[in-house]
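Below is one structure, written out as structure tokens; comments come after it.
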Amino acid sequence: MAIKRSADADARRLGDLLGRLGARRQDARPALALARSFSEGAASRAEARKADAIGLIGRIADVLAQLALDHAWRRSDIGKIADTVARISGLPGDVVRRETHGRLARDPRVIALSPLVAVETELKIFYALTGVDEVSLWTRNGAGPSCLISVGKVRRRTRLVARGVLEESGEGDQSGGTYGLPVLRWQRREAALVFSSDPEGADLALSSAREATAALTLVLEREALLLRSAAHERALVQGAERLLARLGFDLHDGPIQDIAALAADLRFLRDQLQSPAIAENGSSLLTGRIDDLQARVSALDGSLRDIVHSLESPVIAQRPLDRVIRREIETFRTQTDIAIDLTLSGGFSSLSASQRIALVRIVQEALTNVREHSRATKVSVVVTSRANSIEAEITDNGRGFDVERTLVRAARNGRVGLLGMSERTRLLGGSFDVRSSPGGPTAVSVVLPAWRPATATGARQAAEVQSAG
């Protein structure tokens with residue numbers, strides 16, 4: 001009975017700590033329900049408890065990842081959460097911290113933040129869960145290394161270690177308690193992660209640092225994709241190039257991150273196979289881990305199939321824009337009772353394949369949002385081709401929403417509707433806008449600049465692309 005009361009108290013304490021960090025009750029509920037299940041403490045559940053321990057860590061990491069946009073965590077609170085989970089689950093504290101950090105560092109919601117915010121969040125996650133004295137990220141800047149972001153009090157030795165890592169002279173100085181690891185971008189050293197740790201915590205810090213550098217590699221590579229797209233967004237005019245750019249984002253933001261997380265889980269499973277706990281009733285723990293890995297592989301398979309399905313866009317590129325838009329309107333009419341008006345003005349034959357695809361996808365997504373969320377009774381679609389631009393606006397008389405809050409929630413939950421429309425427009429050098437407020441109405445508008453080849457050769461190439469569809 002005392003064990004049950006103690007476990008119940010720990011579960012309540014866990015709920016209080018998550019609430020203090022800003023977690024919503026409905027988000028924390030699955031983790032707390034699993035934590036309370038440990039209070040049963042029956043011997044017959046010994047194997048299940050081992051499997052549930054990994055599940056509890058995963059649910060706690062999921063809650064913390066949802067708070068990543070706020071990243072206003074107190075280190076003491078994160079440490080108390082890890083210690084409480086260790087008491088509830090029976091796992092060693094270092095195992096809980098390492099596993100929680102690994103899941104958080106590779107979470108797509110953290111990786112997909114804006115690059116500078118993502119780097120800061122990764123460092124704060126590492127600092128909070130490993131107990132290091134300080135951590136910083138250094139990049140090359142002229143004559144020497146430059147500190148991009150630091151958490152904690154940086155030591156004098158830190159710059160020297162960063163220089164050594166960036167100059168590829170080694171992994172850093174470990175004798176003085178300061179460690180440095182390279183952060184790669186496209187297989188080249190782009191930055192140095194440097195941290196200081198006492199000898200007792202060095203193993204946990206080094207293990208977690210390797211996970212952190214792998215996650216930071218994803219952040220830096222994503223930043224490179226964004227910068228490359230911004231620098232060449234007006235030059236990437238051919239349909240094939242646009243398709244490859246979009247495919248690169250889809251793969252990097254989805255399956256590549258899933259594979260990275262899967263690799264981390266496999267490393268953790270390897271560590272478990274060497275644990276003495278496996279010798280005594282470890283079959284359920286291994287079964288739970290294998291089931292989790294199998295679920296991740298299935299999800300990865302689904303993500304890849306979704307990307308393959310999205311490559312049907314060349315069919316759209318071959319058809320006149322006005323015909324495709326009218327077909328979408330008719331489809332909308334058959335699926336809903338919402339009245340819809342369509343206005344098409346100007347000629348659309350000069351549009352590039354990429355522009356036609358983007359406009360159709362934006363209209364599709366906007367109408368989907370109207371159908372599923374707006375509670376509107378009327379919607380209008382206006383597409384106008386002008387001498388220097390093409391414009392589209394989708395307006396409904398529905399209940400409306402808070403735009404800023406919705407965009408933050410979409411980024412936090414990995415939803416790409418409005419964000420995807422904005423990114424498609426940006427890649428084509430256009431502007432995207434959403435105007436709404438609670439009570440409505442809502443208007444989604446996009447303006448794409450008319451595309452003109454810069455040279456005669458470019459004009460011939462454009463004609464070839466248009467004719468090829």
_Between CD on residue Glu120 and CD1 on residue Ile125, distance to nearest 0.5 Å_ = 11.0 Å
*Do Leu193 and Val165 have side-chain heavy atoms sitting under 4.5 Å apart?*
no
*Would you find a donor on one side and an acceptor on the other, under 3.5 Å apart, between the side chain of Arg163 and the backbone of Pro145?*
no
_Partner set under side-chain contact (heavy atoms from CB on, under 4.5 Å) for Arg29, not counting sequence neighbours_ = Arg25, Gln26
_Working for side chain to side chain contact (heavy atoms under 4.5 Å, CB included), residues Gln66 and Arg24_ = CA-CA 10 Å; Gln66 293 182 43; Arg24 297 179 300 179; 4.2 Å; yes
*asked:* So Thr130 and Val135, do their side chains get closer than 4.5 Å, heavy atoms only?
replied: no
*With distance as the sole test, does Thr217 use its side chain to make a donor-acceptor pair with the main-chain N or O of Leu184 at under 3.5 Å?*
yes
_Non-hydrogen side-chain atoms of Ile88 and Leu56 separated by less than 4.5 Å_ = yes
*What are the two closest non-hydrogen atoms of Arg435 and Ser445, and how far apart are they?*
NH1-OG, 3.5 Å
*asked:* Please give me the minimum heavy-atom distance between Arg140 and Glu190, naming the atom from each residue.
replied: NH1-CA, 4.2 Å
*How long is the span from the CZ atom in Arg59 to the CG atom in Leu34, to the nearest 0.5 Å?*
6.0 Å
*Check whether any side-chain N or O of Arg75 sits under 3.5 Å from a backbone N or O of Gly131 as a donor-acceptor pair, and report yes or no.*
yes
*Evaluate the side-chain proximity of Trp138 to Val161: yes if any heavy-atom separation is below 4.5 Å, no if none is.*
no
*For Ala376, which residues count as a side-chain contact (heavy atoms from CB on, under 4.5 Å) partner, sequence neighbours excluded?*
Val370, Ser374, Asp396, Asn397
*Is there a side-chain contact between Arg20 and Leu17 (heavy atoms, below 4.5 Å)?*
yes
_Any Leu64 side-chain heavy atom under 4.5 Å of Asp107 side chain_ = no
*asked:* With a 4.5 Å cut-off on side-chain heavy atoms, are Val194 and Val154 touching?
replied: no
_Under the criterion side chain to side chain contact (heavy atoms under 4.5 Å, CB included), I'd like the reasoning laid out for Val444 against Asn369: C-alpha separation, chi angles, the key distance, then a yes or no._
CA-CA 11 Å; Val444 174; Asn369 289 341; over 6 Å; no
*What residues form a side-chain contact (heavy atoms from CB on, under 4.5 Å) with Arg210, not counting sequence neighbours?*
Leu181, Leu206
*Kindly say whether Phe401 contributes a backbone atom to a donor-acceptor pair with the side chain of Ser436 at under 3.5 angstrom?*
yes
*asked:* As an exercise, state the distance from CD of Glu122 to CG of Leu218, rounded to the nearest 0.5 Å.
replied: 8.5 Å
*For the residue pair Val132 and Ser196, what are the closest heavy atoms and their distance?*
CB-O, 3.3 Å
_Run the side-chain contact (heavy atoms from CB on, under 4.5 Å) test against Ser431 and tell me which residues pass, sequence neighbours left out._
Val447
*Residue pair Leu137 / Val119: nearest heavy atoms and the distance that separates them*: CD2-CG1, 3.6 Å
*CZ of Arg97 to OG of Ser208: how many Å apart, nearest 0.5 Å?*
10.0 Å
_N/O donor-acceptor pair under 3.5 Å between Arg399 side chain and His373 backbone_ = yes
*Taking all atoms of both residues into account, what is the closest heavy-atom pair of Ile111 and Ala105, and its distance?*
CD1-O, 3.6 Å
*Is any side-chain heavy atom of Val381 less than 4.5 Å from a side-chain heavy atom of Glu328?*
no
*Name all pairs fulfilling the ring pair (Phe, Tyr, Trp, His ring centres under 6.0 Å) condition that reach into residues 117-136, sequence neighbours left out, sorted by first residue then second.*
His101-Phe126, Phe126-Phe195
*Give a yes or no answer on whether the side chain of Arg103 reaches the backbone of Ile57 with a donor-acceptor pair at less than 3.5 Å.*
no
_Suppose we screen for salt bridge (Lys or Arg N to Asp or Glu O under 4.0 Å). Which residues come up paired with Glu391, at least two apart in sequence or across chains?_
Arg386
*asked:* Go through it in stages, so that I can follow the logic: the residues are Arg361 and Glu365, the test is salt bridge (Lys or Arg N to Asp or Glu O under 4.0 Å), and I'd like the CA-CA distance, side-chain angles, deciding distance and then a yes or no.
replied: CA-CA 6 Å; Arg361 293 302 190 209; Glu365 182 65 28; over 6 Å; no
*When you measure from the side chain of Thr100 to the backbone N and O of Val96, does any donor-acceptor pair fall under 3.5 Å?*
yes
*Can you tell me how far CG of Asp62 sits from CG of Asp27, rounded to the nearest 0.5 angstrom?*
8.0 Å
*Please report the closest heavy-atom contact between Thr139 and Ala191, naming both atoms and the distance.*
CG2-CB, 4.0 Å
*Arg375, CZ: over 12 other non-hydrogen atoms inside 6.0 angstrom*: no
*asked:* Looking at Ser207 and Leu204, would you say the former's side chain and the latter's main chain have a donor-acceptor pair under 3.5 Å?
replied: no
*How many angstroms lie between atom CD of Gln355 and atom CG of Leu448, to the nearest 0.5 angstrom?*
5.5 Å
*For Ile81 and Leu21, what are the C-alpha separation, side-chain angles and deciding distance, and is it a side chain to side chain contact (heavy atoms under 4.5 Å, CB included)?*
CA-CA 10 Å; Ile81 288 174; Leu21 290 179; 3.6 Å; yes
